[in-house]
Amino acid sequence: MLKLEAVVIDNGGFDLKADFDVPTGAKVAVIGPSGAGKSTLIGGIAGFLPVRAGRIVWHGQDIGHADPGKRPVAMLFQDGNLFPHLTVAQNVGLGLHPDLRLNQAERDRVASAIARVGLAGMETRKPAALSGGQQSRAALARVLVQGRPLLLLDEPFAALGPALKVEMLGLVEDLVRETGATLLMVSHDPGDARRIADQVVLVTEGVACPPRDTAALLDDPPPALRDYLG
Amino acid sequence: MVAVLILGSLLAVALRAEVGRGLGPSDWAAVRFTLWQAVLSAVFSVGLAVPLARALARRRFAGRRLLIALLGAPFILPVIVAVLGLLDVFGRSGWISIALGWFGLEPLQIYGLHGVVLAHVFFNLPLATRLILQGWQEIPAEQFRLAAHLGATSADMWRLLERPMLERIVPGVLAVVFAICLTSFAVALTLGGGPGATTIELAIYQAFRFDFDLERAALLSCVQIFLTGAAALIALRTARGDEFGAGLDRVVQRWDARAGLARTVDVGVIALAALFLVLPLSAIVLAGLPGLALLPASVFAAAANSVLVASVSTVVLVLLAVPMALAVATGWSRSVELAGLLGLAVSPLVIGTGLFVAVHAVADPFALALPVTALVNAVMSLPFALRILVPRARQVVDRHGPLALSLDMAGAPFLRLVVLPRMRAQIGFAAGLAAALSMGDLGVIALFADPERATLPLQVYRLMGAYQMQAAAGAALLLLVLSVAAFWLLDRGGRWHAEA
C-alpha cells in the first residue's frame, strides 16, 4: 500500500497537500484543473520535488527522502522519455542497469520487452526514426524491464492523437495487469479515467483529495470537479 | 587546480616584485602606450564595425555566409601569420607601397603605433562586427515591418530602432576589444618595439630575456594584472556573450534601404572590409607557396613541437573544461565558474613569469618550455571553452537529468552514456579552438624557449628576425594550414554523425 501521511510537497513556493492511501495494484487517475498540482503530486512521489512535511510510505517504508532512482517508482514524463542519441535497445536496457553493462540474460529480457510492446525488429533504431506511438512503446518497454511496483504517468501520451492515446492506455492497462503494478496517472481527460482507472484522485487548489470510485465520482461530481468538467 | 595555477603564479609574481623600486620612466611609457594603443584599437575596430554590421544586416548577396564565416577566422588565425600577411600588404615593400611608388609617393611605414593598431583592427574588427551584427539581428523583424508600415525612412529607423540598440551594445564591445588589446604581445613584439611602442607585455618579455631582471618583470606583471583585471571586469559587466556566429545568417527585410545611396554605401563598406580581411590572407598564401620548398629542417622540428604542444594542450583543456562545465551546469559549485574566468584576467606572459619564478628555484625552466606552454595555452583557452560548453551542459542536464535520475543513473554512466554523446559537437568545437589557439600562440614560449627548442610560431618569428622572409612566409603558410586543419578536424570530428 502507498500511504501519503499528511504530506506537503513543495514546488518552489507552491504547496500541495495530500493525506490518503492507495491500495496495492490500484489504478488511479489524477485529475483536476491545470495549475492545481497534479504534476506536483506525481513529482513529489517520484522524488523530484522535496517533501516538506509528512511521510510517503511504501509497504511500511518511508521513501519520501530517497533519491528518485532509489524509489520503487517507474515514471514516464510528458516528453523526453528517451535519450535521442541511444538506440531503442539501449534506452530500454537503461531500465536494468543505468551503465548499460548487460549480460546475455538481461539482453534477452530487453529483447522480449521490446517484442512485448510490438517493436520487434526496431532494436537498433534511434528515437528520431520512430513515430510518436512507437516512441511511447519504447518507453513502456523500459518501464516493463524496470519492474518497479509503482508506475507514475505524467501525461506521457498527451501529444498523441486520440486513437493512438487509447491504444497506449490499453497497452499500459495490459502491462499493469501482467506485472501487478500500482498505477497513478495524471490526466485531464475524464474519458481516460473511465477507460482504465478504477479510482480517481481529484486535485484542486493545492489539495489532493483521497481516491474515490471512478464511476461514482464522475457520475456525481462535487462542485469543484463540476466546474472543471464544465 | 586552475585557480591554484593562476593564483600561484600571481603569488610568485607578487612576492618577487620589488615594490620599493617603483616604475622607471620607460615602464611608465609602456603603461601609457599600452592604454593608448588599446583605446585607439577599440575605437577604430568598433567605429568601422558599425557600418559593416549595418551593411551585413540589411544586404543579401552571394558570398554573405562565406564573409560571415570569415569574420570568425581571426579566432583561429595565428597572430604571427596575420602580421606577415599585413606586412605583405601594408609593409615598406608591400603591395600598397609598391603601388604608391608608381605615383612617386613614399612607401608606407608600418612599424610603430599605427602598425600595432592596424593589426589589432585586423583581428578585432571581425569580432566587433559579429557582436554588433548580433545586436542588429536581435531587433525583431516585426519592428522593422511596423516601422516601414508607418513610413519610417532610414533616418527614422536609425533613431527609432538602431541607435538605441547600439547605445546598449557598443560600450560592451568597446570594453571587450580594449581588454583584448591590453594584453597584446605578439603584435607588439613584431610591429612595435623601441621606446615609443612597447606594451607592458613586451616590457615584461624584454626585462626577462634581455636583462634577466626578474624583479622588474614581476613588478610589471603586477601592473599588468591590475590593468587586465580591471578591464576584464568592465568587459564582463558590459558585454554579452558572442554565440560564435549562431544564427547570424538571417537577413531582415528592409524596405527603407532600397534607395540608391544606402545601397552604394553598403556595397562599398562590405567590399572594403572584405578586401581588408582577404588581402593579407591571400598574401600569406601567395608569398608562402614558393617558400614552402625552401623550408629548413628546423621548421619541421618546430612544427612537430607545435603539433605536440597543441595536442597536449587540447587534451588538458578538455579534461579541465568538461568537468568544470558540468559542475557549473549542475549548480554544484559557483567558484568553478570564477576559476574559469580567472583566465581572462591574467595574460600568458604574467602566468609565464609567475611559473618561471616558481619553477626557477627547483628546476631548469628552459627544459620545461614545451609542457609549460601547453599548460598555459590550455588555461588561456578555458574561458572560451566554458562559454561554449556551459550553455549546452545546462541544456543536457535540464533536459535529461530527471529521466536519468529516475533510472538511478548517475556519475560515470551518466557522463559516458548521456553527457559526452550529447555534448560532442560542443566539445569538438571547443577543442578545435583550443588546438588552433595553442598551435598559433606566440607568448609563453618566447619567454621559456632556448635556441634548441621552438614552436612553429616562434620559429617564424626567428626567421623574420633573421630577414629570411621567404622561409618565414613558407613557415607561416605551414602554420596557417596546421592551425586550420587542427580546428577543422576536431570541430568536424565532434559533429560527425552527431544527432541534433
Side-chain angles (χ1 to χ4, degrees), chain A residues 39 42-50 63 66-87 89-102 125-130 135 138-139 141-148 150-154 156, chain B residues 246 318 321-323 325-327 329-334 388-432 490-500:
Chain A
S39 295
I42 296 294
I45 298 173
F48 292 108
L49 296 172
I63 60 167
D67 287 342
K70 305 291 183 197
R71 300 190 184 199
V73 167
M75 176 155 180
L76 292 185
F77 304 86
Q78 269 182 21
D79 51 13
N81 284 302
L82 298 173
F83 291 110
H85 59 288
L86 300 180
T87 64
Q90 286 176 314
N91 266 295
V92 174
L94 289 174
L96 286 173
H97 280 298
D99 64 358
L100 273 188
R101 282 170 227 242
L102 305 182
R125 292 218 198 156
K126 297 201 172 165
L130 299 178
Q135 293 179 6
R142 192 183 58 225
V143 167
L144 202 54
V145 302
Q146 276 183 283
R148 304 280 172 94
L150 200 49
L151 174 57
L152 307 180
L153 306 183
D154 189 3
Chain B
V318 170
V322 173
L326 282 173
T330 50
W332 181 69
S333 165
R334 194 151 279 201
I388 297 163
L389 294 178
V390 166
R392 177 65 176 175
R394 284 217 169 97
Q395 217 182 341
V396 169
V397 168
D398 284 352
R399 174 128 184 85
H400 302 303
L403 177 55
L405 274 179
S406 85
L407 293 169
D408 201 15
M409 190 189 203
F414 185 57
L415 194 68
R416 180 170 58 87
L417 291 170
V418 180
V419 172
L420 292 183
R422 298 305 291 166
M423 290 182 64
R424 221 176 52 183
Q426 285 72 22
I427 294 174
F429 183 48
L490 288 165
D491 185 40
R492 262 308 137 91
R495 281 186 285 161
W496 189 252
H497 285 312
E499 296 86 2

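Just so it is clear, the values below take in all heavy atoms, side chains as well, and ignore hydrogens, waters and symmetry mates. A, B, ... follow the sequence lines: proteins, then strands. Residue 1 opens every chain.
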**OP:** Taking only Lys NZ, Arg NE, NH1 and NH2, and the carboxylate oxygens of Asp or Glu, determine whether A/Lys70 and B/Asp408 approach each other closer than 4.0 Å.
**Re:**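 Yes.
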
Minimum heavy-atom separation for [X] and [Y], please, with both atom names.
X	Y	answer
A/Gln146	B/Ser406	NE2-O, 3.9 Å
B/Leu403	A/Leu82	CD2-N, 4.0 Å
A/Phe48	B/Leu405	CE2-CB, 3.8 Å

**OP:** Would you mind telling me which of A/Arg101, A/Arg142, A/Arg148, A/Met75 has the largest number of heavy-atom pairs within less than 4.5 Å of chain B?
**Re:**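 That would be A/Arg142.
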
Subject >> Contacting region of A/Leu76 [heavy-atom separation from chain B under 4.5 Å] >> reply: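 Answer is neither: A/Leu76 stays 4.5 Å or more from chain B.
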
Subject >> A/Leu86 portion near chain B, given a 4.5 angstrom heavy-atom threshold >> reply: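 Just its side chain gets close to chain B.
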
**OP:** Please list, chain by chain and in numerical order, all residues satisfying ring pair (Phe, Tyr, Trp, His ring centres under 6.0 Å) with B/Phe414, sequence neighbours excluded.
**Re:**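 B/Phe414 satisfies ring pair (Phe, Tyr, Trp, His ring centres under 6.0 Å) with no residue once adjacent residues are dropped.
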
**OP:** Output yes when a side-chain donor or acceptor of A/His85 lies under 3.5 Å from a complementary backbone atom of B/Leu417, and no otherwise.
**Re:**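 Present.
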
Original post:
In terms of heavy-atom proximity below 4.5 Å to chain A, should B/Ala404 be classed as side chain, backbone, both, or neither?
Top reply: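 Interface part for B/Ala404: both.
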
Subject >> Distance, nearest 0.5 Å, that separates CG of A/Asn81 from NE2 of B/His400 >> reply: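 Output value for this atom pair is 11.5 Å.
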
Subject >> Separation between CG of B/Leu415 and CG of A/Asp99, rounded to the nearest 0.5 Å >> reply: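 Those atoms lie 13.0 Å apart.
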
